[in-house]
Amino acid sequence: MSEHPPFSTGAGIEVNHLTRRYGDLLAVDQVSFTVPPGTMTGFVGANGAGKTTTMRMIVGVLAITDGEVSFNGRPITAADRRRIGYMPEERGLYPKQPVIDQLVYLGRIRGVGAQNAHDQAMDYLDRFGLAGRAKDKVEALSLGNQQRVQVTAALLGDPVALILDEPFSGLDPVAVEAMAEVLRERSAAGVPVLFSSHQLDLVERLCDRLVILDGGRVVAAGSTDELRSGGPRRHRISASTDLGWLRTSQGVDVVDLDGTTAVVHFTEPGADQAVLAEAMSRGEITEFSRIIPSLSEIYREAAS
Ligand code: ATP
């Protein structure tokens, strides 16, 4: 279910057949997806699937072997890239420098005035529970707190897009919530947000869209609703009588059967209606419902 940019509206970030080789290794292979404005897109895939490599190419810190990146319908420029808030996988803060000095410095590199950078940084530090640590050296902060500073750096200067490489890893639940709220706000303000994560429950809760990479290729991409409705068509059936007859029914794969309850996969159109009619003729039906797959199931299905 990969999507191809020609069908998109052109707004936000578009990645079109992006490819990256490291010697003989094809780390990212013809990857295409969109991150529309105002959406949170989760970027998932096993270790080594190519997420970091793709993000680096989008923000321009890694050369593209082939393919292209567009922003708002035209090839992305260096000026666009300077206005993207990027949180790299390698965290890269200076350990000996006080937190606030470093944030002001990073903000200024991004073109934000010193006072403005200071004020914005203090606001975010406050929201992340770190206002009292602003004058501490980075090295005095725990890893999770350094991560909060790193995300703050990416948020400075009203970025036109956010590309965040595992922004939630290692954060405690309170920090996860604070971070999620900030990202939701940015996304609601029209900013395209792409973040990678191995925490599927979090991705499920936060994202409207999903891109699943496997071995450098997109194996599924689209809105979470689309991906869920395109998942395996499974139903749960509960009845007052034994459902063993389902095993020999046409167009039905029995996934699980326990006397009067069953989980089935309909393999032919119309099989659901036939089964429902048969079940009703045999007794009372107490449940006949479509099982909406979870993100973990979609992920397992797509990446298997
Ligand atoms: P993770 O979830 O572990 O962060 P990832 O999905 O971000 O993984 P990448 O870091 O993009 O994956 O790596 C994709 C592939 O490219 C891997 O096979 C990796 O070993 C390889 N790779 C990444 N960087 C380099 C490099 N500088 N030189 C050679 N190979 C590399």
Side-chain angles (χ1 to χ4, degrees), residues 1-3 5 13-35 39-70 76 81 84-93 143-144 146-151 153-154 161-171 175-176 179-180 183 192-207 209-222 224 227 294-304:
M1 201 184 297
S2 71
E3 49 178 24
I13 292 172
E14 278 183 15
V15 166
N16 199 356
H17 300 293
L18 207 57
T19 298
R20 170 71 200 199
R21 278 184 182 282
Y22 292 109
D24 287 342
L25 175 75
L26 196 50
V28 171
D29 183 10
Q30 304 262 341
V31 161
S32 299
F33 62 85
T34 60
V35 187
T39 67
M40 286 243 254
T41 300
F43 202 18
V44 301
N47 293 134
K51 304 177 296 294
T52 295
T53 304
T54 302
M55 289 176 147
R56 285 184 175 146
M57 288 192 282
I58 294 173
V59 299
V61 298
L62 182 69
I64 293 172
T65 304
D66 203 5
E68 61 207 15
V69 180
S70 304
I76 195 165
R81 282 173 160 145
I84 291 179
Y86 171 50
M87 176 178 172
E89 186 180 51
E90 67 292 340
R91 301 309 193 203
L93 294 168
L143 280 182
Q146 289 186 27
Q147 175 117 335
R148 300 178 201 204
V149 175
Q150 192 87 52
V151 177
L162 287 167
I163 307 283
L164 309 169
D165 204 340
E166 296 195 34
F168 292 100
S169 71
L171 292 186
V176 164
M179 195 79 70
L183 297 190
V193 178
L194 177 71
F195 72 89
S196 62
S197 178
H198 293 289
Q199 294 158 265
L200 292 182
D201 52 336
L202 192 62
V203 173
E204 176 141 37
R205 197 154 59 78
L206 291 183
C207 294
R209 298 175 69 79
L210 192 66
V211 178
I212 304 177
L213 274 198
D214 187 44
R217 288 174 161 258
V218 174
V219 288
T224 45
L227 292 171
S294 69
L295 214 55
S296 317
E297 285 167 313
I298 293 167
Y299 175 74
R300 274 200 302 274
E301 189 95 0
S304 61

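First listed ligand is number 1; within each ligand, the first listed atom is number 1. Keep in mind the model is a prediction, meaning the values are calculated, not measured. Residues: numbered from 1 along the sequence shown.
Between R20 and the options L62, L25, D29, D66, a side chain to side chain contact (heavy atoms under 4.5 Å, CB included) holds for only L62. Of the options R81, E68, E14, a side chain to side chain contact (heavy atoms under 4.5 Å, CB included) to I76 is made by R81 and by none of the others.
Contact annotation: for S196 versus ligand 1, there are no heavy atoms closer than 4.0 Å.
Listed by number with element, the atoms of ligand 1 under 4.0 Å from a non-hydrogen atom of T52 are 4 (O), 5 (P), 7 (O), 10 (O), 11 (O). Close approach of ligand 1 to E89 is summarised as follows: ligand atoms under 4.0 Å from at least one heavy atom of the residue are 4 (O). The atoms of ligand 1 that sit less than 4.0 Å from any heavy atom of A49 are 5 (P), 6 (O), 12 (O). Residue A27 has at least one heavy-atom neighbour below 4.0 Å for each of these atoms of ligand 1: 15 (C), 16 (O).
Atom CD of Q150 and atom CD of E89 lie 11.5 Å apart (nearest 0.5 Å). Atoms SG and CG, on C207 and L202 in that order, are 7.5 Å from each other to the nearest 0.5 Å.
Compare N47, L213, T53 by their heavy atoms: the one nearest to atom 13 (O) of ligand 1 is in T53. Closest to atom 8 (O) of ligand 1 by heavy atom, among G215, G50, G48, is G48.
Using cut-offs of 30° and 60° on the angle between ring planes, the pair F43 and F33 is tilted.
Atom 2 (O) of ligand 1 has as its closest protein heavy atom K51 NZ, 2.8 Å. Shortest contact from atom 22 (N) of ligand 1 to any protein heavy atom: Y22 CE1, 3.4 Å.
Residues D165 and T52 bring a donor and an acceptor atom of their side chains to less than 3.5 Å of each other.
For a threshold of 3.5 Å applied to N or O pairs, the pair formed by G45 and ligand 1 contains no separation below that value. Considering backbone and side-chain N/O atoms, L25 never comes within less than 3.5 Å of an N/O atom of ligand 1.
The minimum heavy-atom distance between H198 and A46, with the atom names listed, is CE1-C, 4.2 Å. For the pair L162 and L183, the tightest heavy-atom approach, listed with the atom from each and the gap, is CD1-CD2, 4.1 Å. Nearest heavy-atom pair across G42 and V203 is CA-CG1, 4.1 Å.
Distance check for atom 20 (O) of ligand 1: every protein heavy atom is found at 4.0 Å or beyond.
Residue contacts with ligand 1 include H198, since one of its heavy atoms falls under 4.0 Å from the ligand. Ligand 1 is never approached by G216 to a heavy-atom distance shorter than 4.0 Å.
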